[in-house]
Amino acid sequence: MNDTTPVVLLIDDDLQIRRFLRAGFNLEHFKVLEEETGEAGLRSATLRSVDLIIVDLNLPDMDGAEIVKRIRAWSIVPIIVLSVRASDEDKVRLLEYGADDYVVKPFSMVELLARARAALRRHARTAQSESVVNLGRLSVDLANRAVFVDTARIPLSPKEYRLVQVLAQHAGNVVTHNHLVKEIWGVRGMQNAHYLRILVRRLRRKIEQNPKQPRILVSELGVGYRLTTGD
Amino acid sequence: MWTRIRELRKELPARWLLDLGHTALSLLLVAGITGLIGIALHFYKIDHVTILYLIPVLVAALHWGLVPAVVAAIAGVAAPAFFFYPPIYDLRVHNPDQVIDLVLFIIVAVVTSQLGVIARQAKIRAQAENLRDALIGSVSHELRTPLASIVGSVSILAQSPTIKQDEHLSSLVQVTREEADRLNSEIQNLLDATRISSEGIRPRLEWVDPEDIINGMLARKRWLLSERPITQDIEDDLPLVYVDSAMLETALSQLMGNALKYSPLRSPIVISASRTDDTIQIKVIDQGEGLAFGESEKIFERFYRSPQHAGAISGSGLGLWIARALIQACGGRVRASSLGQGHGTTLQIDLPVTAQPASDEHIDE
C-alpha cells in the first residue's frame, strides 16, 4: 500500500453515511469501494484487494460482529467498526473478535481518519517488522525494550514495560482491559483488573507531563486503553 | 413504528353498546348456571344453591365492569328464588335471607368490578408505557443516523481550507457542529431516561480510577468547555472505585452540563475529588445563580425545572434525574448544595470506597 493508493471498503446500508465517508476518504486520497449489505461486503473483501474495511455494526442482513469474525478467519486487514449506541460489552466483543477499533456515531471524520491511519500504520509495521513506534513525545523501541519521552530514557519495571509494549504495538488504537491483563499477567481475574488500573497509574507518573490529565495513555472507559500522540 | 401507533388508535365500539352486550352475556351465564343446577337437583338434594350464582357475578365484575356485574347479582338472587326455593315460581320475598343475599351479591359486584377496573387500568398503563418506550427508543435511533451524517459532513467541511480561511463560514460550521452535539446529547438523554424507566438499570461494575471518570467526562464535554476556566482539584492517590464507569461518566457529564448551563458564560468551574474515611467525593462547583430555598432535593426530580430559569434556559428537566438514577445504581449518592442565591451551586457525588483487593506490591510479580 505504500506505492499505490490505499483502498478502503465501506460496508454501511445508509446512503448518506456512505456519501460523507466517501468524501472524507477521497479527500485523503483513498480509493473507496462501497457495499450496502454484509453479504456483498464479505464478497468484496474476498475478491478485491482492500487495505482497510469500515463496517457498520447494524447491517440489515448481518451483525457487524459476525462480519469481523468471518473476515478475521482469513485476513489481517485493518477493520474499524461504526456503531450507534453500542454498549461497552458490544465494543469489547467486537475488539475481541479482532476489530482494530470502533467509532460511535455520530463521529467526526478527523476521529475516524486518526483511527484508520493508526490501524494502517500498525499493519505496515507488522509487514515491515519496524521496531520503533513514535507517538508525539513518546517513542518506544520494541527491539531494544527502551522507552523514551522527549529523548530521555525512562526506566520502567518489567510489567510497566510490558504494558507500554502491548499498547505501542496497537499505537493509536484501543486495547481492551482483558487483552492487557492476559498479555501482562497471563490470566484474567478481578484482582488483575485492579492491578492493571494501578499499573496504568504508575506508568502515567513516568511518561505523562501531568499524570492527572493524561494525554498519551488515555482511558476508554469500560473498554480499555489507548496510546495517542498527545494532541 | 407507525404501525404500532395505528394499532393503538384502532377504533373501539361505543361504551353503551359494549355494556349491553356484556349484560346479555352475564344474564346468559346466570341462565346457564340455573340450567346446570336444575339438572343437578334431579340427582342430588342441594339445600342452598344461591352461592353458586357468585360465579357469574365475579366473572362479569372482573371482565366486563359494574353494570353487567350488578345485573348478574340481581339475576343471581332472583333466579334461585324463582326456580329453586319454595314457593317455586314466585318472585316475592318470603325469606329475609334472600334480602341479605341480594345485598351481599351487590357488594361483591361493586367491589370486584372496582378491582377489575384497577387491574385493567394497570394493564393499559403498562401497555402505553411499553409503547412509549419503544417509540422513544426507535425515534432516538432513527434520529441518530441522520445526525451522524450531519456531524460527519460538517467535520469534513471544517477541515476545508476555503472554510478555514473565512471567519464567517468557519463560525457557521462551528454552530452546526455545536448544535448537532447538543441535539445528540438530548437524544442520549431520551435514551437514558427510557432505559431507566423501562428496563431498570443493570450496572456492569468494574474497578476504575476516579480520575479516568473525570477526564472521560471532560473529553466528552470538550466542545462546550473551550471558553471556560476549569480547575481540577484531584487528591493524590485516590483509591479505585468499583462502579459502572460508563454510567458514572454519564452522570458526571450531567452534573457538568448542569453547571455549564446555569452559570454565566466564562465563569469558572471547579471539579474536585477527595477522600474521606469511607467515601470518595466528586464535586462540581459553579459560580452561578445558586439554588432557591428547598430546591436542593427538587432539582433531582424528573421533569423539574427551576422557576427562575424555566423561561430563559431550555432543558428537559431530565438531566439530574438521570444522574441520580445512574449514581444510585452504582451504589453512590448525589446531592446539591448552595450557600444561597447568587453564591453558586455545588453538585456532589459520594461513592463508597470498597475494600481494595491486595496491595500494589503484587503488580510486578
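Below, chains carry the letters A, B, ... as their sequence lines are ordered, and counting in each starts from 1.
Atom CZ of B:Arg333 has 12 or fewer heavy atoms from other residues, nucleotides or ligands within 6.0 Å. Applying the 6.0 Å contact sphere to CD of A:Glu89 captures more than 12 heavy atoms from other residues, nucleotides or ligands.
Here B:Ser245 contributes atom OG and A:Asp88 contributes atom CG; the two are 6.0 Å apart, rounded to the nearest 0.5 Å. A distance of 8.5 Å separates CG of A:Asn58 from OG1 of B:Thr145, quoted to the nearest 0.5 Å. Rounding to the nearest 0.5 Å places CD1 of B:Ile156 at 7.5 Å from CG of A:Leu21. A:Leu196 contributes atom CG, which lies 11.0 Å from atom CG of B:Asp209 (distance to the nearest 0.5 angstrom). For the atom pair CG (A:Leu27) and CD (B:Gln159), the distance works out to 10.0 Å, reported to the nearest 0.5 Å.
Between the B:Ser153 side chain and the A:Phe20 main chain, no donor and acceptor come within less than 3.5 Å of each other. In this structure, the side chain of B:Arg204 engages the main chain of A:Gly222 through a donor-acceptor pair within 3.5 Å. A donor-acceptor pair under 3.5 Å links the side-chain atoms of A:Arg197 to the main chain of B:Trp207, judged by distance alone.
Nearest heavy-atom pair across B:Gly152 and A:Met109 is O-CB, 4.3 Å. The shortest heavy-atom contact between A:Pro211 and B:Glu211 is O-OE1, 4.0 Å.
Both the backbone and the side chain of B:Leu238 come within contact range of chain A, each with at least one heavy atom under 4.5 Å from a heavy atom of that chain. Interface remark: A:Tyr161 contributes no atoms to any contact with chain B (heavy atom separation under 4.5 Å). If you measure heavy-atom distances from A:Arg162 to chain B, you find no contacts under 4.5 Å at all. Contacts between A:Arg22 and chain B at a heavy-atom distance below 4.5 Å are absent for every atom of the residue.
At a threshold of 4.5 Å between non-hydrogen side-chain atoms, the residues A:Ser219 and B:Asn215 do not count as touching.
Counting heavy-atom pairs under 4.5 Å between each of B:Ile234, B:Leu147, B:Leu240, B:Ile213 and chain A puts B:Leu240 at the top. Taking chain A as the reference chain and counting heavy-atom pairs below 4.5 Å, the highest number among B:Asp236, B:Asp244, B:Leu248 is found for B:Asp236. Among the candidates B:Ile150, B:Val151, B:Asp212, B:Asp181, the residue making the largest number of heavy-atom pairs closer than 4.5 Å to chain A is B:Asp212. Of the listed residues (A:Lys212, A:Arg19, A:Glu220, A:Arg18), the greatest number of heavy-atom pairs within a distance under 4.5 Å of chain B belongs to A:Lys212.
Looking at B:Arg144 and A:Asp14, no side-chain N of the basic residue comes within less than 4.0 Å of a carboxylate O on the acidic one, giving no salt bridge.
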